[in-house]
K.L.:
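Got a structure here, written out as structure tokens. Questions coming.
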Amino acid sequence: MTTLSIAHALAAILVLGTGLARLLGTAPRTDRLAFWAWAWACGALAVALGTLGWLAAGRPFDGRALAPLATVAGLALLRAARRRDALPGGGPALGWPLWLALVAVVAWTVDAGAHACLQPVLVGDEANIWASKAKVLYTASGFGLPVALESSFYPVNHADYPLLVPLLHVWIHAAAGDIQHVAPRLPLLVTQLAFVLLLASALRRAAPSWLAALALLAVAGNGVAMRVTGDAGADLAVALGILLATDGFHRWWQHGRAPAHGALAAIGLAFAAWSKNEGQMLALCLVIAVVLAAWLARPRTPLLPRPSRAWLIALVPVGIIALQRGLDAWWGFENDLFAVSPHDGSTIAQRVARIPDRIGTVASAFGRDVLLRIAPSADRTLVPMRLTLPIAALACLVSPRRALRAQVLVPALVAAGGLTAYALVFLITPHEVDWHLVTAAQRVSFHVVPLAALVLVAQLARSEPLLAAPPSTTRTEPLAQMTNAPPRDLRLSVVVPVFNEEQTLPEIVRRIRTIVPDAEIIAVDDRSIDGSAALLRNMAARGELRALFHERNRGKGAAMRTGFAAATGDVVIVQDADLEYDPQDYHALVKPIRDGVADVVYGSRFIGGEAHRVLYFWHFAVNRALTLLSNMASNLNLTDMETCYKVFRREVLTCFELEEERFGFDPEITLKAAQTGARFYEVGISYYGRTYEEGKKIGWRDGLRVLVSIARYGVWRRFTGRVPRRLR
């Protein structure tokens, strides 16, 4: 029965948090991973406040009723939020590398957490600070905590520390009806899972899937978070809260300052501030970082929108901090950093005077223990995590201009500010400085390691520039849906690369004119040696098309580059002149763009259409293999990357420059368009293929060039950060 009660208590936190998260304007579809972290943070704050109220009221009813009440409240909130508009889904797909890494990290987390949760909470900081304080709160006859502490046999260090973790322990005790020595760690395990989900989501929004997967494994792999926090689980709660606040701010900035995203940032600040005193310090660093980021934005915009009811969410972190300070003042608890030292009676002024004598010790030990060592050096599994902070700092120093980006600047400022504040704390600590560094330095760095990971991956990948004004709209749709919808009356530009197509050129132009009479047709002759050039000049003289000519044969990619530069239509479509593709498919191809749901449409020869000529098996097999490799690099799920029919909103083509001369053009334009954040669609088309005897030109050398192009634009350019600008 006790086991079921404890399980119900954990589930009640999530149910209540889900209702609150929905009421704030989010939904599971908003972010499949992060939503459950948001829900857990909201639920944990709510039940902690409810438990505190229950204790302060003198326990007016049996504590075993708390979990059922929370469940009912959560279901009522879900019902109330049923018709509430929620932020739709947005952001890139996770990709298989990140999925694999996430599954591995979750498995390791559950394994490490299960072993930890089977051990009684009897020793260490977790017992002497959080668990002991929870037991005193639960067993005290009243709410006079100082009196209870004096008469209690549970030792409590740092009585002034915030109450979130102790109250979650009390929540478990109340659900079970008695003090538990093992089960109170279960909320910490769920907190760690929420941290992993939120970190995976934030990393994927900042970097490609493979890079996000590596960072996730480095920071949270092999149960690292549980082991780094050791016997002080509040450090993990601080890390979750600061990560939630930082990610919420960036979402708020990126997506039109939607109130729901501002609410997430406020919830994160409250979660961190009520977890540990250091969380309040980091919350202040985040507020300062946000102000600096807004000040650096060009053109300058007000930091906050006009006053509205949405501002009320800011009362959550402010109220939490005020509540904790008020309770400490009422109980008479002091922060030992500002109190008279029990060792030498020194005041804060006297300790400040000793700073010059401590600088050398703190600098060397802080750099060794915080920046590089995070955990005992014998634990080699933590080497990647130990290196995250210094490598992130180096990446910002090497590319300072790229560091002025929203996904880099804010977490970098918070991490730098937090570490600076910690260094000052060690300089004025009332304790013996070497002892304090040894006991605390290995844990406090974990508060900012997730932020350093975000900085690092965003520096290696492409992040959105901060030096541009955030969108001013307050609508809740993703930015792509608000700004990318084209007008319904579209002008079509058709780019036709021509090389020795004298026999088919007049017919393909006639078909295009039949389907789209007012289309702009741009034919680019790539130094044909038959009569194609003369034919194009005659057709251009009659006004049937625009003809452009290369002085030497340069390849299909070069011809497309020339044609795209000359196109003036709203939508640009690629059309070969060899009659393998039928312009009858134009209407189906352009429809997703006309409807405002797509930026790029590919015509697939493998998902439908009408007539398909059956030709070479090995061409088919190689095509599918190259498409698979391209999809792995772009994180798309195209079925036919090598298709001729590629349709683009012209704005997409202005986000990058094409470089390939020959058939490497197909993967290059696919990968670069995907990196702009464009919305891709596929439409089934007909295909009337040619044999080599009938004039087909592609060969095995072109297949090798495609492989090189995929590696160059899909892997190397991403790694070096040379990627197209994002589509607005």
Side-chain angles (χ1 to χ4, degrees), residues 480-498 507-524 544-546 556 559-561 563-612 627 634 636-656 658 665-666 669-670 672-674 676-688 727-728:
Q481 294 188 14
M482 292 190 287
T483 62
N484 286 351
R488 300 192 66 83
D489 296 324
L490 301 174
R491 184 167 182 239
L492 185 64
S493 292
V494 183
V495 177
V496 185
V498 177
E507 177 60 18
I508 195 63
V509 172
R510 184 193 67 78
R511 292 186 185 183
I512 295 173
R513 286 292 177 209
T514 300
I515 300 301
V516 191
D518 59 346
E520 176 187 47
I521 303 177
I522 303 173
V524 182
E544 298 179 27
L545 50 74
R546 291 176 60 192
K556 180 180 179 180
M560 298 311 306
R561 187 161 62 248
F564 289 159
T568 61
D570 302 300
V571 176
V572 181
I573 186 170
V574 179
Q575 173 69 65
D576 286 349
D578 53 13
L579 299 180
E580 288 188 335
Y581 295 83
D582 191 348
Q584 290 280 357
D585 293 316
Y586 280 8
H587 292 302
L589 289 165
V590 176
K591 185 178 184 300
I593 297 180
R594 186 181 299 279
D595 291 343
V597 298
D599 305 304
V600 180
V601 180
Y602 276 26
S604 174
R605 294 165 287 180
F606 306 130
I607 61 172
E610 297 179 358
H612 290 258
T627 298
S634 65
L636 298 174
N637 62 341
L638 296 171
T639 62
D640 191 5
M641 178 269 297
E642 292 283 353
T643 181
C644 159
Y645 273 163
K646 296 177 171 69
V647 188
F648 303 90
R649 286 182 53 224
R650 189 158 60 89
E651 288 85 349
V652 176
L653 299 175
T654 63
C655 293
F656 52 82
L658 294 171
F665 155 82
D666 289 303
I669 197 169
T670 301
K672 289 185 174 180
T676 67
R679 299 165 294 173
F680 274 73
Y681 272 64
E682 271 192 318
V683 173
I685 59 171
S686 304
Y687 179 62
Y688 304 88
L727 178 65
R728 289 288 183 182

K.L.:
Is the number of heavy atoms from other residues, nucleotides or ligands within 6.0 Å of CD (Glu507) greater than 12?
P.N.:
yes
K.L.:
Is the positively charged end of Lys646 above the ring of Tyr602, judged by distance under 6.0 angstrom from the centroid and angle within 45° of the axis?
P.N.:
yes
K.L.:
To the closest 0.5 Å, what do you measure between CG (Asp582) and OH (Tyr687)?
P.N.:
13.5 Å
K.L.:
Please assess Thr639 against Glu682 for the test side-chain hydrogen bond (donor to acceptor under 3.5 Å, both in side chains), listing each intermediate value before the final yes or no.
P.N.:
CA-CA 8 Å; Thr639 62; Glu682 271 192 318; 3.1 Å; yes
K.L.:
What's the spacing between Glu520 CD and Leu492 CG if we round to 0.5 Å?
P.N.:
9.0 Å
K.L.:
For residues Thr643 and Gly603, report the shortest heavy-atom separation together with the two atoms involved.
P.N.:
OG1-O, 2.5 Å
K.L.:
Which heavy atom of Gly596 sits nearest to which heavy atom of Arg679, and what is that distance?
P.N.:
O-NH1, 3.1 Å
K.L.:
Write down the atom of Val524, the atom of Ala559, and the distance for their closest heavy-atom approach.
P.N.:
CG2-O, 3.6 Å
K.L.:
Using the six-membered ring wherever Trp is involved, compare the ring planes of Tyr645 and Tyr586 and label them parallel, tilted or perpendicular (cut-offs 30° and 60°).
P.N.:
perpendicular
K.L.:
Is it the case that more than 12 heavy atoms not belonging to Asp518 sit under 6.0 Å from its CG atom?
P.N.:
yes
K.L.:
What pair of heavy atoms forms the shortest contact from Leu636 to Ala674, and how long is it?
P.N.:
CD1-CB, 3.8 Å
K.L.:
State plainly whether the residues Asp570 and Arg491 are in salt-bridge range, i.e. N to O under 4.0 Å.
P.N.:
no
K.L.:
Regarding Glu544 and Arg513, does a basic nitrogen lie under 4.0 Å from an acidic carboxylate oxygen?
P.N.:
no
K.L.:
Please name the pair of heavy atoms, one in Ile593 and one in Asp599, separated by the smallest distance, quoted to 0.1 Å.
P.N.:
CD1-O, 3.9 Å
K.L.:
Which atom names give the shortest non-hydrogen contact between Ser493 and Thr568, and what distance separates them?
P.N.:
OG-N, 3.6 Å
